[in-house]
Number of protein chains: 2
Amino acid sequence: MYPPGVTDIELRHLAAMAAIADEGSFGRAAARLGYTQSTVSQQIAALERTVGGPVFDRPGGPKPVRITPLGAVVLEHGRDLLARAEKLADAVDRFKAGGGRIDIGTFQSVSNVILPVVVCRLREEQPDCDIRLFEEEPDQPRISDLDLLFYDGRIDGDVESAKLLDDPYLLVCGNDAFPDGPVQLAQLDDAPMVAWPLTCDQPLMEQALAHNGARPRVVFRSAINETLLSMVRAGMGSAVLPWLAIRGANVESDRQLRVHELCPALPVREIYLHWRAGRTQSPLATRAIEIAVEVAAELSGARRA
Amino acid sequence: MYPPGVTDIELRHLAAMAAIADEGSFGRAAARLGYTQSTVSQQIAALERTVGGPVFDRPGGPKPVRITPLGAVVLEHGRDLLARAEKLADAVDRFKAGGGRIDIGTFQSVSNVILPVVVCRLREEQPDCDIRLFEEEPDQPRISDLDLLFYDGRIDGDVESAKLLDDPYLLVCGNDAFPDGPVQLAQLDDAPMVAWPLTCDQPLMEQALAHNGARPRVVFRSAINETLLSMVRAGMGSAVLPWLAIRGANVESDRQLRVHELCPALPVREIYLHWRAGRTQSPLATRAIEIAVEVAAELSGARRA
DNA sequence: AAACGTCCATCGCGAAAAGCGATGGTTTGC
DNA sequence: GCAAACCATCGCTTTTCGCGATGGACGTTT
C-alpha cells in the first residue's frame, strides 16, 4: 500500500527539525519543545537514519547549525506534514466540540414545527456545523446514510429511538359545522373530508376512524397542509389532523376555522426520533437528540395547556 | 509551537486505519501491513486514545467494522497526511538520486567552454534537475547562496576548491603581424592591444606583461570576446587571451587570425571550482564537481595535443 | 597560549512502548 | 447448538524513548 519507510517518518522528529531550523541550535530547540538536548540530538539522528543522510551541518562551537540540501528537502515537506497534522487535530477538536456534519431525515409536520426549533438551537450552539435535511419519503423510511430520522411510528431494523411526543388527532372544520366541545366520531360518518395521502400514520388513523363507525367521504387528498385547510375554509369538508399539523398552520388563530377534540379520542400518532443502533454517534447527533427531546417536551406541555 | 498532541499522531496508526477502512477488517489489514491482528488492534486503540474517541464500530462477528463519524474525520485527514508523507519520501529519493536544484556561479570563458558541456552531461544523467546559473560578477565573487562557483583564482573564506585546469595566455593577432612560432614578450611593448576589462585575472596578467618589459597600449576594452576578436581582425591591435577564450571563439579555424605562444610564457590563469567548506553537498553538486573535473581534464588534454 | 563558554555526540540506565502469540468473548450463519 | 469469523486482552520479549552526565570540537577571550 504505502512504500516501505513512509510510515517510519515520525512527526515528532519533523517537529524537532523545524524547531532547530528556527532556533539555529539543538539546545534551544529542545528547550522550546520541552525535551532534553540529548533527546533532540537522538531524534535528529533517528530522522537522519530514516531519510538516509544528514539534515544538518554541525559546524561545532557557538556557530548555528545549518540545514543541508537534503535537510531542506525534508524540512520543506516536513513543515507541510506538520501543518496537515495540525489541521487533523483541529478537525478532531471541532468535531468533539460538536462541529461537523449531521444528516437528518424528516417528514411533513415535524419539518414544520419541531425541526425548525431544533435546527435553530443546534446552530446557536454550533454555528459552523453542517446540518443537512432530507425529506424524500419513499414508502419505507430510509435510515441508512442518515444520522437521525424523524418518523411517526417505529421502524424495523437495527434502530434505536426516542419517543418525542404523543400527537393526538383533532378535527378541523368550518366555524359553524359543529357546536363547541368534543365531536362524536360517529358524527363524521359519511361526512365530507379532506385528508393527507395514505402514507405514514394516515392509513392507521383512517382505519381507527372506520373502526369507530366513522367512514367519512374523502373528497380530496394533499400533503400540503395549507391546501387542505383552504379546502376546509372553502367548505369542501372537514379534516382530521394531528395537533402538530394544526399548530404548524396556526389554525387556532384562524377565525374561519374551529378545532374540536374527538370523542372517543383516536389512537394518538406517536412521533419518534430514530438512529441506527450499535453505532457511535457524533457529539453533534447526540446533542441533536437531546435538543429534539427538549423541544418535544416543551411542545407537549404547550399542547396540554 | 505546535499544539500539544499534534506530534503524538503516528503515521503508522493512520496507515493501519486506512488499511482497515479499505479491508473492512482488522485481521486482513494486519495481513496487508505485515503485522499481527493483535498489533493492529493495539495500534487502533492507541490512535483512539490520542484522538479521544473510537474511530471504528466493531459490530462483532463476521460483520465488517464500520468507521465512526469521528473516524471519518480522522481518516479523511489521515489519508492526506499519508499522501504527503509519501511525497516527502519521494522527494528524498529523487534528491538522493541526484534530483533537486543546484545553483552555480560562473564567469566569462567558463560559461562559454566548460559549463555548457558540464550542464549537458548533468542534464543527461538527471533530466529533472534544476540547474541555475549566475554570472553576476561584483568585484568579489559571491559564494554564499551558491552551491558551486567557477572562478579563475582562489577565494578567501571557508571554501574548498578543485583546480580544474591551467589556462595559459596566448597571443591572438592578425595573419601577418608576426612570423610563425613563439613571440617574445618584449615585442609587445608599446604595441596596440585590445583586452578584457580589469577584472578577475586580467590585472595580474597585465602586471606580468609589464614585469617582462611589455607595456602594450590598450586601445580598447570589452568583456565580449567576439567583439575583441573583431577588433583584432580589423587591425586595431592584437590580444593576449587565455586559451579557453580562444578555443571558445573558434579562433584556430579563423583564417584572418593567428595564435602564437608567448616567450617567456606568462603565468597561467588557473581555473578553480569552489564550494563552501564544511557543508554537506547535495549528490547533484558532488556529481557536478566530478563532471567539471572530467571535462576540464579532457580540455587540458585537447589543448596539449 | 591557555582558559572558558557554547555546542553537539555519546554512554548507561530506567521506564515505556511495540509487537507477538495465545486465549477468551461476541456475533453471525448453518 | 456448533462452527466460523472477528476483535480485545494478557503475558512476554525486544526495542525504543527520554534523561542525566560526560566528553570532544570549536570559537572567543584573556
Side-chain angles (χ1 to χ4, degrees), chain A residues 4-5 7-17 19-50 53-68 71 157-158 160 276-280, chain B residues 4-5 7-17 19-50 53-68 71 157-158 160 276-280:
Chain A
T7 54
D8 297 345
I9 300 167
E10 303 236 359
L11 295 180
R12 222 164 335 120
H13 298 170
L14 296 177
M17 186 183 182
I20 294 170
D22 291 345
E23 298 283 348
S25 138
F26 282 40
R28 279 191 297 278
R32 185 209 276 190
L33 297 167
Y35 285 128
T36 312
Q37 171 265 320
S38 91
T39 297
V40 169
S41 182
Q42 288 184 74
Q43 286 181 336
I44 295 303
L47 178 61
E48 290 178 330
R49 231 174 293 129
T50 77
V55 295
F56 286 110
D57 281 324
R58 292 85 153 165
K63 278 190 183 173
V65 296
R66 281 195 48 96
I67 203 153
T68 63
D158 262 19
E160 295 180 67
R276 289 161 306 195
R279 298 223 186 154
T280 307
Chain B
T7 55
D8 297 344
I9 300 166
E10 303 237 0
L11 295 181
R12 222 164 334 122
H13 298 170
L14 296 177
M17 186 183 182
I20 294 169
D22 292 345
E23 298 283 348
S25 137
F26 283 39
R28 279 193 297 279
R32 184 208 277 189
L33 297 168
Y35 285 127
T36 312
Q37 172 265 319
S38 91
T39 296
V40 169
S41 182
Q42 289 184 73
Q43 285 181 337
I44 296 303
L47 178 62
E48 289 177 331
R49 232 173 294 129
T50 77
V55 296
F56 286 111
D57 280 326
R58 293 84 153 165
K63 277 191 183 173
V65 296
R66 279 195 50 94
I67 202 152
T68 63
D158 262 18
E160 295 180 67
R276 289 160 308 192
R279 299 223 187 156
T280 307

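Proteins get letters first, then strands, A, B, ... in listed order; numbering begins at 1 in each. Not measured: the values here are computed from a predicted model.
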List the atom pairs, donor and acceptor, that lie under 3.5 Å between side-chain atoms in residues 61-68 of chain A and the rest of the protein, sequence neighbours left out.
residue	atom	partner	partner atom	Å
Thr68(A)	OG1	Pro54(A)	O	2.9
Thr68(A)	OG1	Val55(A)	O	3.3
Thr68(A)	OG1	Gly71(A)	N	2.9

- Query: Partners of Arg279(B) by salt bridge (charged side-chain N to carboxylate O under 4.0 Å, His left out), sequence neighbours excluded?
  - Reply: none
- Reading nucleotides 13-30 of chain C from 5' to 3' and marking B where a protein heavy atom lies under 4.0 Å of the base, S where only the sugar-phosphate is that close, and - otherwise, the string is -----SBBBB---BBS--
- Item | Residues in side chain to side chain donor-acceptor pair (under 3.5 Å) contact with Arg12(A), at least two apart in sequence or another chain | Glu10(A)
- Arg58(A) side-chain N/O to dC26(D) phosphate OP1/OP2 under 4.0 Å: no
- Separation of dA4(D) C1' from Arg28(B) CZ (nearest whole Å): 13 Å
- Message: Applying a 4.0 Å non-hydrogen cut-off, can you work out what Val40(B) is touching in the nucleic acid: base, sugar-phosphate, or nothing?
- Response: nothing
- Note on the structure: Taken in chain and number order and not counting sequence neighbours, the residues that satisfy side-chain contact (heavy atoms from CB on, under 4.5 Å) with Gln42(B) are Ser38(B)
- Message: Using whole Å, what does the distance between atom C1' of nucleotide dT10(C) and atom CD of Glu48(A) come to?
- Response: 15 Å
- Rounded to whole Å, the CD1-C1' distance (Ile20(B) to dC6(D)) equals 12 Å
- Item | Any donor-acceptor pair under 3.5 Å from Asp57(A) side chain to Thr280(B) backbone | yes
- Look at Ser25(A) and dC8(C) and indicate whether a side-chain polar atom (N or O) is within less than 4.0 Å of OP1 or OP2. yes
- Round to the nearest Å and state the distance from Arg66(B) atom CZ to dC6(D) atom C1'. 17 Å
- Item | By salt bridge (charged side-chain N to carboxylate O under 4.0 Å, His left out) - contacts of Glu48(A) (at least two apart) | Arg58(A)
- Query: Phe56(B) has an atom CZ; how far is it from atom P of dC6(D), in whole Å?
  - Reply: 15 Å
- In whole angstroms, how far is the P atom of dC17(D) from the CG atom of Leu33(A)? 15 Å
- Message: Is the phosphate of dC7(D) approached by Ser41(B) (side-chain N or O, under 4.0 Å from OP1 or OP2)?
- Response: no
